[in-house]
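Read the structure below first, then the notes.
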Amino acid sequence: METFSPVAVFDSGIGGLSVLQALRRRYPQESYVYLGDTARLPYGTKSPETVQRYSRNLCRFLLNYNPKAIVIACNTASTHALDAVRALAAPLPVIGMIGPAAAAAVRETRNGHVGVIATPGTIRSGIYEKELKKIDPRVRVSSQACQMLVALAEEGWSSGPIAAATIRQYLDPIFDTAEVPDTLILGCTHFPVFEALFREILGPSVTLINSGEVAALQLSGMTGTKGQVKILATDDPERFAANASKFFDQGLVATDIGLVDVTAVS
Ligand code: DGL
């Protein structure tokens, strides 16, 4: 009998479901355990030390599920805690969001100008700029922190005039200039829900990089056959289920989501 040895995926909330979706598209037979830290969201405004502490805590909790790999489906946690989670989970493979998205952007850009939108924590760290320039020092990078989009995504407001106005306000400093990026990294797992609006506002000449989709390509050699998915949250399964459909094409109800206390694990 196959033992339950899932790919463990964690995020600060429901946004990481966009990564789980990409993983399931690639490996539908694989089993997954997803943990959204809804009790402590947002991560994007918190200090690197706090995000690292929370991430280590989630990793320790998930190690109890006998995972075969860990995916940090949160750009902010990937920014501050990739090394810490790798050290804790070794020898398991740990995939973060930053490197794959930077590599995809450098591959895609034709004018050598890449835009990055992410949480304040990710932008302040300068991690995308460092990664992009490590791959190609000639790349020009324009960055913008967009924390309000996380709140809109968690609220389920992924379309309509408020989301559109908020996106315009954030993107104007990057795109309302003479030299605009031709590639935009959606450097937060909550942002793919706004893809239609990004396309409408930016037009077809800007390539969007979905960090979760490109990171999912890093997972290799999966051999699971059961295709089971366990979804856990640290707070409010009702709210989680109500908004999950924007990120995940499988409908969820509150009873599908296990409420867990990760703080019980030191
Ligand atoms: N999901 C997180 C990320 O990808 C952002 C949400 C938050 O602020 O917690 O960066």
Euclidean distance, [Y] [atom2] relative to [X] [atom1], rounded to 0.5 Å:
X	Y	atom1	atom2	answer
Glu238	Leu259	CD	CG	9.0 Å
Leu23	Leu217	CG	CG	9.5 Å
Asp37	Phe10	CG	CZ	9.5 Å
Asn243	Leu252	CG	CG	11.0 Å

Can any side-chain N or O of [X] pair as donor or acceptor with the backbone N or O of [Y] at less than 3.5 Å?
X	Y	result
Gln29	Gly224	no
Asp11	Gly36	no
Ser31	Pro6	no
Asn57	Val262	yes
Ser78	Ile72	yes
Asp176	Pro173	no
Asn210	Ala101	no
Ser55	Ala81	no

Ignoring hydrogens and geometry beyond distance, is a side-chain donor-acceptor pair present between [X] and [Y] at under 3.5 Å?
X	Y	result
Asn75	Thr122	no
Thr189	Ser18	no
Ser142	His113	yes
Thr50	Ser47	yes
Asp182	Thr109	yes

Over all atoms of both residues, closest heavy-atom pair of [X] and [Y]:
X	Y	value
Ala215	Met97	CB-CE, 3.5 Å
Ala233	Thr38	CB-OG1, 3.7 Å
Ala69	Leu219	CB-CD1, 3.9 Å
Ser220	Tyr27	CA-OH, 3.3 Å
Cys188	Thr119	SG-CG2, 4.2 Å
Ala163	Leu152	CA-CD1, 4.0 Å

Shared ILVMFWY cluster between [X] and [Y], side chains joined below 4.5 angstrom?
X	Y	value
Ile95	Val85	no
Met222	Val229	yes
Val116	Val206	no
Ile117	Phe247	yes
Val141	Tyr170	no

Under 6.0 Å from the [atom1] atom of [X], do we count more than 12 heavy atoms belonging to anything else shown?
X	atom1	value
Arg138	CZ	no
Gln169	CD	no
Lys133	NZ	yes

Ring geometry between Tyr43 and Tyr54 (parallel below 30°, tilted from 30 to 60°, perpendicular above 60°):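 Ring orientation, 0 to 90° scale: tilted.
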Ring geometry between Phe61 and Tyr65 (parallel below 30°, tilted from 30 to 60°, perpendicular above 60°):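 Ring orientation of Tyr65 relative to Phe61: tilted.
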side-chain contact (heavy atoms from CB on, under 4.5 Å) assessment of Ile201 paired with Arg168: CA-CA 7 Å; Ile201 291 166; Arg168 282 206 173 84; 3.7 Å; yes
Ion pair check, [X] and [Y], cut-off under 4.0 Å:
X	Y	value
Arg239	Glu155	yes
Arg24	Glu30	no
Glu195	Arg199	yes

Pair Phe191-Val150, side-chain contact (heavy atoms from CB on, under 4.5 Å): steps then yes or no: CA-CA 7 Å; Phe191 295 174; Val150 175; 4.2 Å; yes
Passing candidate, side-chain contact (heavy atoms from CB on, under 4.5 Å) with Tyr34, options Leu17, Val7, Leu232, Val19: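 That would be Leu17; it is the only one of Leu17, Val7, Leu232, Val19 passing the side-chain contact (heavy atoms from CB on, under 4.5 Å) with Tyr34.
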Arg40 side chain near Thr263 side chain, heavy-atom distance below 4.5 Å: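 Of all side-chain heavy-atom pairs linking Thr263 with Arg40, at least one is under 4.5 Å.
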Pair Val33-Val9, side-chain contact (heavy atoms from CB on, under 4.5 Å): steps then yes or no: CA-CA 6 Å; Val33 55; Val9 182; over 6 Å; no
Test log, rule side-chain contact (heavy atoms from CB on, under 4.5 Å), inputs Leu63 and Leu92: CA-CA 10 Å; Leu63 287 175; Leu92 295 179; 3.8 Å; yes
